[in-house]
Amino acid sequence: MPLRGIVREQSEIREGSENSSRKVREGVQMRHLGKSHIVPEQPSSSSFPVPIEQSRWASLTPELLLDIIQRVEASETSWPSRRDVVACASVCRSWRMITKEVVRTPEQCGWITFPISLKQPGPRDTPIQCFIKRERATSTFRLYLGLSPALSGNLSKLLLTAKRFRRAMSTEFIVSLVPDDFSRASNNYIGKLRSNFLGTKFSIYDSQPPHDPKLRTSRSKRRIHLKQVSPSKTPTNYTVAAVAYELNVLRTRGPRRMRCTMHSIPVAAVEEGGTAPTPTEFKDCINEHHSSTSICEGKKPIIESPKPQESMAPLVLKNKAPRWHEQLQCWCLNFKGRVTVASVKNFQLVAAVETSENVSAAEQERVILQFGKIGKDIFTMDYRYPLSAFQAFAICLSSFDTKPACE
């Protein structure tokens, strides 16, 4: 049932009980009034539409409001209809608090709802299917939620946008929530990907602090123009992962080989009963640094040393080994129909674990992230637990950079 119908149904029940009690009070008051009493003129409803409408929405009882939002959240399971759930959180503070309690994480329901869902791990069983559209003229890459542009069309949900910036000694991909704002001082800034000179090693930086306090922060040593970043808002980046491509010195045939070290995800996340860090809200890390640390120009921020904790090995992802097809004379991987064009960029990542770790053989063969080409400048990206949409997108962006030493 649409949101408007649910609210109308519940409001009629509430207004019916209020009207009956109001008539009783008015009858009692009229008996005490004389015949010369003049009822004051009531202001028209059109004079103050906004306060009356706001009070009506905000005055709903918590039980009634919870029932409304639960019914809306259960009925809207995909975009663009799922924006009704986001609209519920935009009504007022009480609606927002209850909506955040009702909406579950992508790991639990498999749906992406709020922007924080892009930083939360995907579902464990069924992967979230997305596609990336590359625009060569502007060096931008857009991540959409859906199977493909042909099937989704204009109904595709834009999740993230990245823009490539070529530096003298490296390449940077700035990731943003919107397609037209790539300033690192903006609230739309999500993180970035930086390569080395050869394009064989990449570092993934997150704008939000990880759950593990042992991860140190890293700021860019490059001076930032004053117009981009104001003195009161200095961007801080946290290293959360590293991607390394194996050098192909002998120029042998075969796909690229890569290894991803997820510093923010412990290897125990893929073990039976393991969990991965799941942020619940965006933290204002800039204010935290200004209040607890002193930042000098041209120097890294001073971070308090954390308490000693038991070190946990990070999760490492590696390429799933392809097989050589004699008839096609090429390397092949089973993408289950999600990839249709042969490309050196295509890959599947699985967990690289040691024999001493408690990870089943089935879990070791489970594809956590796969990326492949389906058309000109169109690529599919399917990810699952314990990766988030931002981490998976950043890993796939590393495949777009030029790597002459790896091919």
Side-chain angles (χ1 to χ4, degrees), residues 105-107 112 114-122 128 130 141 143 159-165 170-178 181-196 201-222 224 229 233-244 260-266 269 275-290 292-293 295 300-301 303 306 312 314-317 349 368-369 381 383 385-398:
T105 63
E107 177 189 354
I112 293 178
F114 299 121
I116 193 60
S117 302
L118 302 174
K119 295 291 186 72
Q120 297 173 342
I128 295 181
C130 310
F141 306 84
L143 176 66
L159 300 180
L160 294 171
T161 307
K163 186 175 180 63
R164 178 168 53 193
F165 297 89
S170 63
T171 301
E172 285 188 354
F173 293 83
I174 306 299
V175 184
S176 174
L177 288 172
V178 295
D181 184 7
F182 296 98
S183 173
R184 282 173 286 185
S186 172
N187 292 330
N188 296 316
Y189 174 70
I190 293 296
K192 69 177 182 179
L193 175 75
R194 178 188 291 176
S195 72
N196 63 351
K201 295 183 179 180
F202 296 81
S203 298
I204 301 176
Y205 300 93
D206 197 335
S207 61
Q208 298 294 319
H211 284 255
D212 189 357
K214 293 180 293 183
L215 298 179
R216 57 189 180 94
T217 60
S218 174
R219 290 182 60 202
S220 174
K221 298 180 181 179
R222 189 179 295 104
I224 302 173
V229 180
K233 189 171 183 180
T234 305
T236 304
N237 296 306
Y238 299 83
T239 307
V240 294
V243 183
C260 304
T261 304
M262 311 304 298
H263 301 298
S264 59
I265 303 176
T275 58
T278 305
T280 56
E281 61 182 1
F282 287 101
K283 297 181 180 179
D284 191 1
C285 56
I286 295 176
N287 293 337
E288 292 179 1
H289 287 301
H290 276 279
S292 60
T293 62
I295 301 178
K300 295 183 179 181
I303 306 299
M312 298 190 65
L315 174 65
V316 178
L317 305 178
L349 296 183
I368 297 178
L369 171 64
M381 187 196 84
Y383 76 97
Y385 185 90
L387 290 183
S388 64
F390 164 70
Q391 295 168 345
F393 185 43
I395 294 174
C396 294
L397 288 175
S398 67

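The figures that follow rest on heavy atoms only: side chains count, while hydrogens, waters and symmetry mates do not. When a residue number appears, it is its place in the shown sequence, counting from 1. Given the structure is predicted, the values throughout are model-derived calculations rather than measurements.
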Worked check of side-chain contact (heavy atoms from CB on, under 4.5 Å) between Leu193 and Tyr205
CA-CA 6 Å; Leu193 175 75; Tyr205 300 93; over 6 Å; no

Considering all heavy atoms of both residues, which atom of [X] and which atom of [Y] are nearest to each other, and what is their separation?
| X | Y | value |
| --- | --- | --- |
| Phe393 | Phe141 | CZ-O, 3.7 Å |
| Gln120 | Pro279 | NE2-O, 2.8 Å |
| Gln391 | Ile204 | O-CD1, 4.4 Å |
| Cys130 | Tyr383 | SG-CE2, 4.2 Å |
| Leu177 | Leu160 | CD2-CD2, 3.8 Å |
| Ile265 | Pro277 | CA-CD, 4.5 Å |

[atom1]/[X] to [atom2]/[Y] distance, rounded to the nearest 0.5 angstrom?
| X | Y | atom1 | atom2 | result |
| --- | --- | --- | --- | --- |
| Ile395 | Phe202 | CD1 | CZ | 12.0 Å |
| Ser170 | Glu172 | OG | CD | 5.5 Å |
| Arg184 | Ser176 | CZ | OG | 12.5 Å |
| Leu369 | Cys260 | CG | SG | 7.5 Å |
| Ile174 | Ser183 | CD1 | OG | 9.5 Å |
| Phe282 | Asn187 | CZ | CG | 10.0 Å |

State whether Asp206 and Lys192 are salt-bridged, where the test is any N-O pair (Lys NZ or Arg NE/NH1/NH2 against Asp/Glu carboxylate O) under 4.0 Å.
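A salt bridge is absent here (no side-chain N lies under 4.0 Å from a carboxylate O).
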
Check whether any side-chain N or O of [X] sits under 3.5 Å from a backbone N or O of [Y] as a donor-acceptor pair, and report yes or no.
| X | Y | value |
| --- | --- | --- |
| Ser388 | Pro121 | no |
| Ser207 | Ile190 | yes |
| Thr278 | Ala276 | yes |

Side chain to side chain donor-acceptor pair (under 3.5 Å) involving Asp181 - partner list, sequence neighbours excluded:
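So Asp181 forms a side chain to side chain donor-acceptor pair (under 3.5 Å) with Ser186, Asn188.
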
Could you go step by step and tell me if Met262 and Val316 meet the side-chain contact (heavy atoms from CB on, under 4.5 Å) rule?
CA-CA 6 Å; Met262 311 304 298; Val316 178; over 6 Å; no

The test is side-chain contact (heavy atoms from CB on, under 4.5 Å); show your working for Thr105 and Ile116 and say whether it passes.
CA-CA 9 Å; Thr105 63; Ile116 193 60; over 6 Å; no

Holding to salt bridge (charged side-chain N to carboxylate O under 4.0 Å, His left out), I want the full list of residues that pass it with Lys163, two or more places apart in sequence or in another chain.
none

Between Ser203 and Asn196, is there a side-chain heavy-atom distance shorter than 4.5 Å?
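Contact flag for Asn196/Ser203 side chains = no.
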
With a 4.5 Å heavy-atom cut-off, do Phe390 and Leu143 have their side chains touching?
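Result no, sub-4.5 Å side-chain heavy-atom pair not found.
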
Please lay out, stage by stage, how Val175 and Leu397 fare under the test side-chain contact (heavy atoms from CB on, under 4.5 Å).
CA-CA 10 Å; Val175 184; Leu397 288 175; 4.1 Å; yes

